[in-house]
Amino acid sequence: MAYWLMKSEPDEVSIDDLARLGRVPWFGVRNYQARNFMRDAMKLGDGVLFYHSGCAVPGIAGLGQVASAAYADATQFDPASPYFDAKSSPGQPRWLNVDVAFVARGRFVPLTELRCHPALAAMGVLQKGSRLSITPVTAEEWQFITRKLMELNDVF
DNA sequence: GCCAACGTTGGC
DNA sequence: GCCAACGTTGGC
């Protein structure tokens with residue numbers, strides 16, 4: 001069992017969307033390192049910290065779970081999609097996605113709060129200039145953050 | 001809207 | 001293979 005932080009712009013897919021839909025394909029990843037994490041390292045049932053980025057208050061909005069193996073991202077073949085990639089083909093898909101299932105909401109833990117905890121200082125999302133949309137999370141970081149999500153909140 | 005940091009592209 | 005130019009990300 002491994003753990004991941006996955007960024008999503010809430011304007012596109014928010015934790016509320018995930019909660020409503022139950023499960024979504026994590027489409028739109030167009031970075032090879034992030035793709036390779038999905039293809040090579042993610043396993044069914046891995047824990048996901050659902051992170052809101054590109055919004056007024058970025059931070060961790062809830063928990064998810066990896067719900068499928070990696071498969072071809074449909075948006076790369078759709079000319080109407082902003083994620084269309086003319087250089088990809090169904091026979092040789094360049095971009096992949098996994099499905100992510102909703103697990104729980106929690107207290108929203110803002111980025112500014114994550115930065116306050118020395119225990120989290122090594123997290124990818126906190127590194128200067130880090131733009132990677134999928135980053136590994138250690139078991140210790142996972143435990144620390146899920147406790148934070150549970151504060152003043154009895155979702156569990 | 002600004003801008004630092006990063007990844008990709010393409011000429012050479 | 002180098003590297004400048006460009007586009008994108010994402011916090012602020």
Side-chain angles (χ1 to χ4, degrees), chain A residues 2-21 24-42 46-66 70-100 102-138 140-142 144-149 151-153:
Chain A
Y3 305 98
W4 307 93
L5 182 143
M6 300 176 79
K7 294 181 189 174
S8 182
E9 298 191 10
D11 284 351
E12 188 151 35
V13 181
S14 71
I15 190 70
D16 289 341
D17 295 326
L18 184 64
R20 183 164 40 80
L21 298 167
V24 296
W26 204 268
F27 61 86
V29 171
R30 296 293 180 268
N31 170 282
Y32 290 104
Q33 203 179 342
R35 180 203 67 181
N36 294 347
F37 279 142
M38 292 196 284
R39 185 189 63 191
D40 304 332
M42 277 191 182
D46 279 0
V48 173
L49 299 173
F50 192 107
Y51 180 90
H52 282 182
S53 68
C55 53
V57 187
I60 294 169
L63 300 179
Q65 169 171 50
V66 175
Y71 60 96
D73 178 340
T75 62
Q76 72 196 302
F77 307 125
D78 176 4
S81 168
Y83 299 113
F84 178 65
D85 185 346
K87 293 180 186 158
S88 189
S89 70
Q92 284 263 303
R94 180 180 295 194
W95 304 113
L96 305 174
N97 62 234
V98 296
D99 286 351
V100 173
F102 177 75
V103 172
R105 270 196 203 77
R107 179 177 71 85
F108 184 83
V109 181
L111 176 60
T112 51
E113 181 177 338
L114 297 177
R115 290 197 190 285
C116 289
H117 299 294
L120 303 178
M123 287 188 76
V125 75
L126 300 184
Q127 305 314 304
K128 182 177 175 140
S130 164
R131 299 185 311 173
L132 200 54
S133 64
I134 300 177
T135 47
V137 171
T138 67
E140 291 76 17
E141 290 160 352
W142 172 267
F144 191 95
I145 292 171
T146 52
R147 279 206 193 98
K148 290 284 159 199
L149 287 160
E151 286 173 0
L152 306 174
N153 188 312

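Naming convention: chains lettered A, B, ... in sequence-line order (proteins, then strands); numbering from 1 in each chain. A quick note: this is a predicted structure, and the numbers were derived from the prediction, not measured.
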- Note on the structure: Taken in chain and number order and not counting sequence neighbours, the residues that satisfy salt bridge (Lys or Arg N to Asp or Glu O under 4.0 Å) with A:Glu140 are none

Could you pull out the protein-nucleic contacts involving nucleotides 3-9 of chain C (nitrogen or oxygen on both sides, under 3.5 Å)?
unit_1, atom_1, unit_2, atom_2, d
C:dT8, O2, A:Arg131, NH1, 2.3

- salt bridge (Lys or Arg N to Asp or Glu O under 4.0 Å): which pairs involve residues 110-125 of chain A, sequence neighbours left out? A:Arg107-A:Glu113

- For A:Ser88, enumerate each residue passing the side chain to side chain donor-acceptor pair (under 3.5 Å) test, keeping only those at least two apart in sequence or located in another chain. A:Gln76

Atom pairs and distances, side-chain donor-acceptor, residues 33-40 of chain A, under 3.5 Å, sequence neighbours left out:
unit_1, atom_1, unit_2, atom_2, d
A:Arg35, NH1, A:Arg94, O, 3.0
A:Asn36, OD1, A:Arg39, NH2, 3.3
A:Asn36, ND2, A:Tyr32, O, 3.3

- Message: Whole angstroms only, please: what is the CD1-P distance between A:Ile60 and C:dG11?
- Response: 12 Å

- Item | Which residues share a side chain to side chain contact (heavy atoms under 4.5 Å, CB included) with A:Phe144, sequence neighbours left out | A:His117, A:Ala119, A:Leu120, A:Lys148

- Which of residues 120-129 of chain A have a heavy atom under 4.0 Å from DNA chain B? A:Lys128, A:Gly129

- Task: Give the rounded distance in Å between these two atoms: NE2 of A:His52 and P of C:dC12.
- Result: 17 Å

- Residue list, side chain to side chain contact (heavy atoms under 4.5 Å, CB included) with A:Ala121, at least two apart or on another chain: none

- Note on the structure: Residue set satisfying salt bridge (Lys or Arg N to Asp or Glu O under 4.0 Å) with A:Asp99, at least two apart, ordered chain then number -> A:Arg23

- Task: Evaluate the criterion side chain to side chain contact (heavy atoms under 4.5 Å, CB included) for residue pair A:Val137 and A:Trp4; output intermediate values, then yes/no.
- Result: CA-CA 5 Å; A:Val137 171; A:Trp4 307 93; 5.5 Å; no

